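Worksheet: the structure to be examined is printed underneath.
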Amino acid sequence: MSITIDENRLLSEIEALASFSDAEPPAVTRIVFTPTDLKARAWLKARCEEAGLTVCQDAVGNTFARWNGSNPSAPVVGAGSHIDAIPNAGKYDGVVGVLGGLEAIRSLRQSGFHPTHPIELLIFTAEEPTRFGIGCLGSRLLSGTLSADAARKLKDNDGATIDEVRREAGFGGELEEVKLPNGYYKAFVELHIEQGPLLERQTIPLGIVTKIAAPASLRVLIEGAGGHAGAVLMPDRHDALCAAAELILVVENAASTTGASDTVASVGICEVFPGAVNSIPSRVRLSVDVRDTDLQRRDGVVRTIEAACDSISDKRQVSIQSELLNADAPADCAPAIIEALSQSCRKHELNFIPMVSRAYHDSLFMARIAPVAMLFIPCRNGYSHRPDEYAAPEDIVRGALVLAETLAALSK
Ligand code: GLV
Ligand code: MN
Ligand code: MN
């Protein structure tokens, strides 16, 4: 069996998918269940059907494109990722795993390979937290990490619930039906750009992920007292933004003083109300994102931040409410799939290193119900979540080739 990845087809599809965007090129913004996302989904579904795959979608819009093996009831060998993109993102995050996965499956079909196990491409709904505040919505529901009841309580910034927006987008059925049965997967493999600089720095074409770091996030609402920026004297103020500023520095300090470079924390959203030049900020909303490969250390940082909310609130006489949106455990990748990926690299004489994923991925949640592993390719300067995110064609092709080889080995 000789596998040939069609580079031109794959690259032109990556460009085509990037054209479904609510931002000016080269930036890509594709928020789940927006008209743009729905157009991108329709385009992608047509590509999967064109490739001879049978497409079905669940109640939250997770999309499965299936190639039945000679034993259709055998556990599935899956590949996939996401196509939603945060505001002002690039064109490769998630997309390389989806279109690279599709190309891997097409290349196997064209090579004359016949799988025993079904091979399925899975396009997850809302890996990014942009709309509903938590990431990996689709894979949390598939794995049962998030219950249907808890999902129904999530709202977007306009107050719309998941049930409202998914039904409006054409995805009916009940959220209870999204969870996959135990044993559904034999294996799941996610191809992704590294989103960090290590492969590029070491000029190594591939990374095999052995562990995915544990993410947590909090939403913090600070309410102080507004007023006239000229008339209210300094001793009388309860400035919500000044309290937020103190808290943001606590977040930075808590992560940088654990003594481990694996601990990271960021405040990515700071909304100030009323946002007028001559008005004291009365209300601030912050989002806090904390990650670590070590769960205890990550939780220690979260506790420090929560304690700081109380002490800053006392000191400044402002109200600070923090809500822990998610605090997930890390995941270990499955040795058997790591080995299958390693063998595929060796077969094609491609150098690789084991890696930790500091970004989260749907595989973090799929690991709760299936043996998973991830394959990373380099991206320029390690840039991701920005418009100049870039992966070189030869790296994308190598990733798709190793993925194809691995899907073949696992589905025999
Ligand atoms: C995924 O997009 C992440 O934030 O790690
Ligand atoms: Mn992302
Ligand atoms: Mn991603």
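Just follow the structure's listing: the first ligand is 1, and inside any ligand the first atom is 1. Note that the coordinates shown come from a computational prediction; the quantities given were computed from them, not determined experimentally.
Each protein N/O/S atom under 2.8 Å from the Mn ion (ligand 3) was counted, for a total of 3.
Looking at Glu128 next to ligand 1, an N or O pair under 3.5 Å apart turns up.
To the nearest 0.5 Å, atom OH of residue Tyr360 and atom CZ of residue Arg291 are 5.5 Å apart.
Proximity of Gln195 to ligand 1 is not established, as no heavy-atom distance is less than 4.0 Å. Under the 4.0 angstrom criterion for non-hydrogen atoms, Arg358 is not in contact with ligand 1.
If you look at Arg291 next to ligand 1, the close heavy atoms, those under 4.0 Å, all belong to the side chain. Neither the backbone nor the side chain of His361 has any atom closer than 4.0 Å to an atom of ligand 1 (non-hydrogen atoms only).
Residues Leu38 and Phe171 have side chains in contact (heavy-atom distance under 4.5 Å, counting atoms from C-beta outward).
With Lys186 contributing its side chain and Leu410 its backbone, the two residues share a donor-acceptor pair below 3.5 Å. Side chain of Asn326 to main chain of Asp328: no donor-acceptor pair is present (N/O by atom type, distance under 3.5 Å, no hydrogens or angles).
Below 4.0 Å from some heavy atom of His385 lie the following atoms of ligand 1, by number and element: 2 (O), 4 (O). The Ala359 neighbourhood of ligand 1 comprises atoms 5 (O), with distances under 4.0 Å to a heavy atom of that residue.
Relative to the six-membered ring of Trp43, Arg41 misses at least one condition, a distance below 6.0 Å or an angle of at most 45° to the axis. Judged by a 6.0 Å distance limit and a 45° cone about the ring axis, Arg386 is positioned over the six-membered ring of Tyr383.
Other residues, nucleotides and ligands place no more than 12 heavy atoms under 6.0 Å from the CD atom of Glu168. Within a 6.0 Å radius of CG in Asp314, more than 12 heavy atoms belonging to other residues, nucleotides or ligands are found.
Using cut-offs of 30° and 60° on the angle between ring planes, the pair Phe124 and Phe188 is perpendicular.
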